[in-house]
Amino acid sequence: MDKHAAALIIEEIGTLMELQGENPFRARAFYNAARALEQVEGEFDALVAEGKLEQVRGFGPATIAVARELAETGASSVHHELRSRTPDGLFDLLRIPGLGAKRVHLLHTQLGVESLDDLERAAEEDRIASLPGFGQRTQAKLLEGIAYLRSQMGRSRQPEAWAIAAALTEFLCARAGVVRVEIAGELRRRLETVRGVDVVAVVSEQAAPVITAFLEIPGARGGERVGASGARVRLGDGIEARLTCVPPDAFAAALLYATGSDAHVAAVVARAEAQGYRLNEFGLWRGEERVPVSDEATLYRVLGLDYIEPELREAGFEVALAAEGGLPTLVALTDLRGCFHCHTSYSDGRASLTEMAMAAKARGWRYLGIADHSRAAAYAGGLSVEQIERQHAEIDAWNAEHGHELWLFKGMETDILPDGRLDYADEEDVLGRFDYVVGSVHSSFSLSEAEMTQRIIRAMEDPHLTLLGHPTGRLLLGREGYPIDMDAVIDAAADAGVGIEINANPNRLDMDWRHWRRAKERGILTAINPDAHSTQGLGDVEYGIGVARKGWLTAADVINTWPLDEVRRHFAEGRRR
DNA sequence: GCCGTTTTCGGCCCGACTGTTTTCAGTCG
């Protein structure tokens with residue numbers, strides 16, 4: 001069994017225990033074991049077979065028994081038994097802000113609530129407010145949370161969607177007659193969350209056998225045909241996958257249509273008409289004759305347009321700009337030379353400073369900014385002044401020995417306190433010891449929009465602040481960001497010369513791409529920051545690249561594409577601000 | 001359930017906030 005899959009099951013045992021109202025510390029033991037498993041080196045089956053788990057901190061007799069059963073049979077009877085007496089709907093309830101396992105358990109046992117629908121009914125019938133620990137305000141907030149979850153239903157975050165897309169591509173490429181498979185739709189446009197995965201397959205002969213195979217892909221359910229050449233199924237956690245099969249000469253038009261957006265396609269169709277062509281999802285036509293276009297780039301070129309990257313295909317006005325050669329050269333993953341927001345085991349990161357540095361070097365990066373939590377973030381092991389000094393000594397030692405290969409910057413993710421001061425700000429010259437400072441909000445989310453905006457603007461007045469971290473605090477599919485006047489924040493950042501990060505964690509993708517064109521016009525710089533808590537987490541920069549590209553950003557707009565010397569100069573100038 | 005001992009039970013990341021309470025449980029980051 002795959003280590004990650006095993007860890008997920010062990011973790012779910014913990015969640016199920018909590019939902020069943022068991023001792024929360026017992027549940028935590030399973031969470032700890034799952035986390036320990038993710039960190040330990042080696043293949044899962046070998047770890048179990050060689051008895052190596054016995055030495056792993058966090059594993060004891062009960063968790064080892066589960067691991068052994070998973071390795072031998074691929075399933076866990078403990079997990080199965082808990083799962084069978086826990087309604088699936090309770091997992092959805094956990095996603096509502098303000099509801100944890102205790103309260104879900106109470107709602108379940110006291111009111112028989114087993115799903116979002118049940119909860120909504122109970123709240124509307126005013127049955128929740130009278131439960132111990134609940135009240136009118138909580139009841140109203142739950143209804144808000146349900147409405148938000150409903151609005152996000154059927155959507156998936158990028159990692160899950162890309163995993164499905166990769167598996168689908170591999171599966172389809174192996175079918176006879178399939179010559180090419182491309183991901184399309186919202187995923188190709190790199191939207192922060194997507195409603196399903198769209199795939200276009202070029203088939204050399206009959207589409208029917210490919211569609212039949214698609215409908216019978218392992219794990220598929222609820223499959224149905226769409227017209228003569230398409231089908232949809234549900235895969236994984238219920239994410240919808242849609243397939244369109246086309247002959248080679250229809251590929252370019254079909255991919256354009258399947259990629260969208262509707263507004264973009266409409267603008268391209270209008271452009272085609274203006275140029276004396278007719279465009280539909282089966283091809284490009286002049287009169288009754290098909291115009292041969294082998295791929296999208298050719299299709300755009302025939303219409304007198306520069307190639308329009310999928311990320312730019314949203315509102316439709318990009319088509320007019322493409323006609324004038326007015327599109328930017330978008331930043332790409334290969335442009336990155338480092339990043340400025342990652343955590344180490346000094347605070348809540350899983351990897352040591354050295355491990356993070358080596359991982360950055362292995363990615364071919366030239367520098368890495370370490371930004372652990374500040375003291376106010378006590379839950380995350382925020383650093384005391386003594387720990388900062390120790391970390392800085394370690395960074396100096398690394399740079400002395402390895403700085404010519406990978407330079408480490410001394411950074412900090414400093415809490416923006418409720419009144420807008422930066423953590424450590426009233427202590428003599430603590431913030432001045434860093435090369436740069438990322439300021440983030442981690443507490444007091446329920447301020448009003450005016451207060452929150454003021455809080456952040458005040459933080460930007462502190463000359464130590466280099467970058468604003470995840471500016472809305474949103475968690476995709478989980479929690480809306482706190483209310484904030486982003487236009488005012490952008491203006492204040494521009495005035496203060498503070499950059500705004502693109503937090504590349506796929507749960508955040510914050511600041512949102514929709515704000516970046518305006519921010520760029522105001523001259524605001526960004527850094528694509530993975531907010532990594534592990535060595536693998538550094539790879540999340542890929543999702544941030546998607547945001548930057550959707551925001552029309554070029555490499556020049558993104559500080560972590562700059563050469564080391566330029567970054568140093570930029571930080572030094574910030575210091576003198 | 002696991003850990004770590006002042007070695008066999010008591011504590012478990014920790015402080016703030018919120019909405020309940022009328023002194024605190026639950027949630028969150």
Side-chain angles (χ1 to χ4, degrees), chain A residues 10-11 13-37 53-67 76 78-79 82 93-107 110 123 128-145 343 345-350 372-384 387 413-419 423 440-448 451-452 455 469-470 472-475 478-482 503 505 507-508 510 531 533:
Chain A
I10 293 170
E11 188 185 356
I13 290 174
T15 307
L16 287 161
M17 284 176 161
E18 281 203 280
L19 288 171
Q20 289 292 338
E22 290 204 34
N23 178 354
F25 293 114
R26 199 165 159 240
R28 184 180 297 173
F30 282 82
Y31 294 139
N32 290 341
R35 226 169 78 184
L37 182 57
L53 284 186
E54 275 83 346
Q55 276 106 61
V56 176
R57 220 178 106 94
F59 272 91
T63 42
I64 285 172
V66 169
S76 153
V78 176
H79 177 251
L82 279 164
L93 299 185
L94 278 179
R95 292 171 52 201
I96 299 176
L99 274 193
K102 278 237 166 88
R103 284 176 158 176
V104 169
H105 177 67
L106 189 78
L107 288 163
Q110 297 290 305
I128 292 176
S130 54
L131 286 179
F134 289 79
Q136 286 296 341
R137 290 188 75 146
T138 305
Q139 185 168 268
K141 270 182 82 173
L142 291 182
L143 281 172
E144 275 174 36
H343 298 271
S345 47
Y346 274 89
S347 67
D348 63 348
R350 285 192 240 151
D372 271 314
H373 286 284
S374 70
R375 197 174 34 196
Y379 63 90
L383 271 56
S384 66
Q387 285 173 303
E413 183 183 21
T414 307
D415 267 38
I416 298 175
L417 303 175
D419 64 2
D423 200 9
S440 306
V441 167
H442 288 123
S443 62
S444 297
F445 290 145
S446 52
L447 299 182
S448 70
E451 288 167 327
M452 192 60 94
R455 174 186 188 179
H470 49 70
T472 75
R474 73 178 180 185
L475 292 176
R479 172 181 85 200
E480 282 184 279
Y482 35 74
N503 190 295
N505 183 308
N507 297 312
R508 295 188 182 271
D510 185 13
D531 198 353
H533 288 72

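Every heavy atom of this structure was used, including side-chain atoms; hydrogens, water molecules and symmetry mates were not. Naming convention: chains lettered A, B, ... in sequence-line order (proteins, then strands); numbering from 1 in each chain.
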Atom CG of L93(A) to atom P of dG26(B): distance rounded to whole Å? 17 Å
Just to verify, what does S347(A) make a side chain to side chain contact (heavy atoms under 4.5 Å, CB included) with, not counting sequence neighbours? H343(A), D372(A), H373(A), L383(A)
If I take atom CG in residue L107(A) and atom P in nucleotide dG26(B), what distance separates them, rounded to the nearest angstrom? 12 Å
Paired to dA16(B) by Watson-Crick or G-U wobble criteria (both distances under 3.5 Å) is dT27(B)
For nucleotides dC17(B) and dC2(B), find the distance between their P atoms and express it as a whole number of Å. 36 Å
ring-ring contact (aromatic ring centres under 6.0 Å, His included) partners of Y346(A), counting only residues at least two apart: none
Heavy atoms of T138(A) and F134(A) approach each other most closely as CG2-CD2, 3.7 Å
Per-nt protein contacts along nucleotides 15-22 of chain B (heavy atom under 4.0 Å; B base, S backbone sugar-phosphate only, - none) come out as --SSSS--
dC2(B) P sits how many Å from Q55(A) CD, rounded? 15 Å
Return the value, rounded to whole Å, for the distance between atom OH of Y31(A) and atom P of dC28(B). 12 Å
Sequence neighbours left out, what passes salt bridge (charged side-chain N to carboxylate O under 4.0 Å, His left out) with R474(A)? Give chain and number order. D512(A)
Please identify each residue that fulfils salt bridge (charged side-chain N to carboxylate O under 4.0 Å, His left out) with D531(A), with sequence neighbours left out. R508(A)
Nucleotide N/O to protein N/O under 3.5 Å, stretch nucleotides 3-5 of chain B:
residue	atom	partner	partner atom	Å
dC3(B)	OP1	G58(A)	N	2.7
dC3(B)	O3'	R57(A)	NH1	3.4
dG4(B)	OP1	R57(A)	NH1	2.4

How is A62(A) classified with respect to the nucleic acid when contacts are heavy atoms under 4.0 Å: base, sugar-phosphate, or nothing? sugar-phosphate
Would you measure the distance from the P atom in dT20(B) across to the matching atom in dG26(B) and give it in whole Å? 14 Å
Counterpart residues, salt bridge (charged side-chain N to carboxylate O under 4.0 Å, His left out), relative to R95(A) (two or more places apart): none
Rounded to the nearest Å, what distance is computed from the CG atom of residue L94(A) to the P atom of nucleotide dG26(B)? 15 Å
Restricting to side chain to side chain contact (heavy atoms under 4.5 Å, CB included), what partner residues turn up for S443(A), sequence neighbours left out? P418(A), R455(A)
Hits for side chain to side chain contact (heavy atoms under 4.5 Å, CB included) against T15(A), two or more places apart or cross-chain, chain-then-number order -> L19(A), Y31(A), F91(A), L94(A)
Please report the distance separating the C1' of dT8(B) from the corresponding atom of dG15(B), rounded so that it comes out in whole Å. 32 Å
Return yes if a side-chain donor-acceptor contact under 3.5 Å exists between N503(A) and N505(A), otherwise no. no
Listed pairs, N/O of protein and of nucleotides 7-12 of chain B, under 3.5 Å:
none

Can you tell me, in whole Å, how much space there is between the P of dT21(B) and that of dT27(B)? 15 Å
Taking syn as a glycosidic torsion within 90° of 0 and anything else as anti, which one is dT8(B)? syn
When the C1' atoms of dG19(B) and dC13(B) are compared, how many Å lie between them, rounded to an integer? 24 Å
Determine the interatomic distance between C1' on dA16(B) and the same-named atom on dG10(B); round to the nearest Å. 26 Å
In whole Å, what is the span from the CZ atom of R95(A) to the P atom of dT27(B)? 17 Å
To the nearest angstrom, how far is Q387(A) atom CD from dC13(B) atom P? 16 Å
Would you indicate what G100(A) reaches in the nucleic acid, counting non-hydrogen atoms under 4.0 angstrom: base, sugar-phosphate, or nothing? sugar-phosphate
I13(A) has an atom CD1; how far is it from atom P of dC2(B), in whole Å? 11 Å
Applying side chain to side chain contact (heavy atoms under 4.5 Å, CB included), name anything that partners A129(A), two or more places apart in sequence or on another chain. D126(A), Q136(A), Q139(A)
Can you tell me, in whole Å, how much space there is between the C1' of dC9(B) and that of dC14(B)? 23 Å
For residues 53-64 of chain A, which side-chain donor-acceptor pairs fall under 3.5 Å, sequence neighbours excluded?
residue	atom	partner	partner atom	Å
E54(A)	OE2	R68(A)	NH2	3.4
T63(A)	OG1	G60(A)	N	2.9
T63(A)	OG1	G60(A)	O	3.1

Rounded to the nearest 0.5 Å, what separation is found between the CG atom of D419(A) and the OG atom of S444(A)? 9.5 Å
Straight-line distance of D348(A) CG to E413(A) CD, nearest 0.5 Å: 8.5 Å
For atom C1', what is the distance between dC12(B) and dT23(B), given to the nearest Å? 24 Å
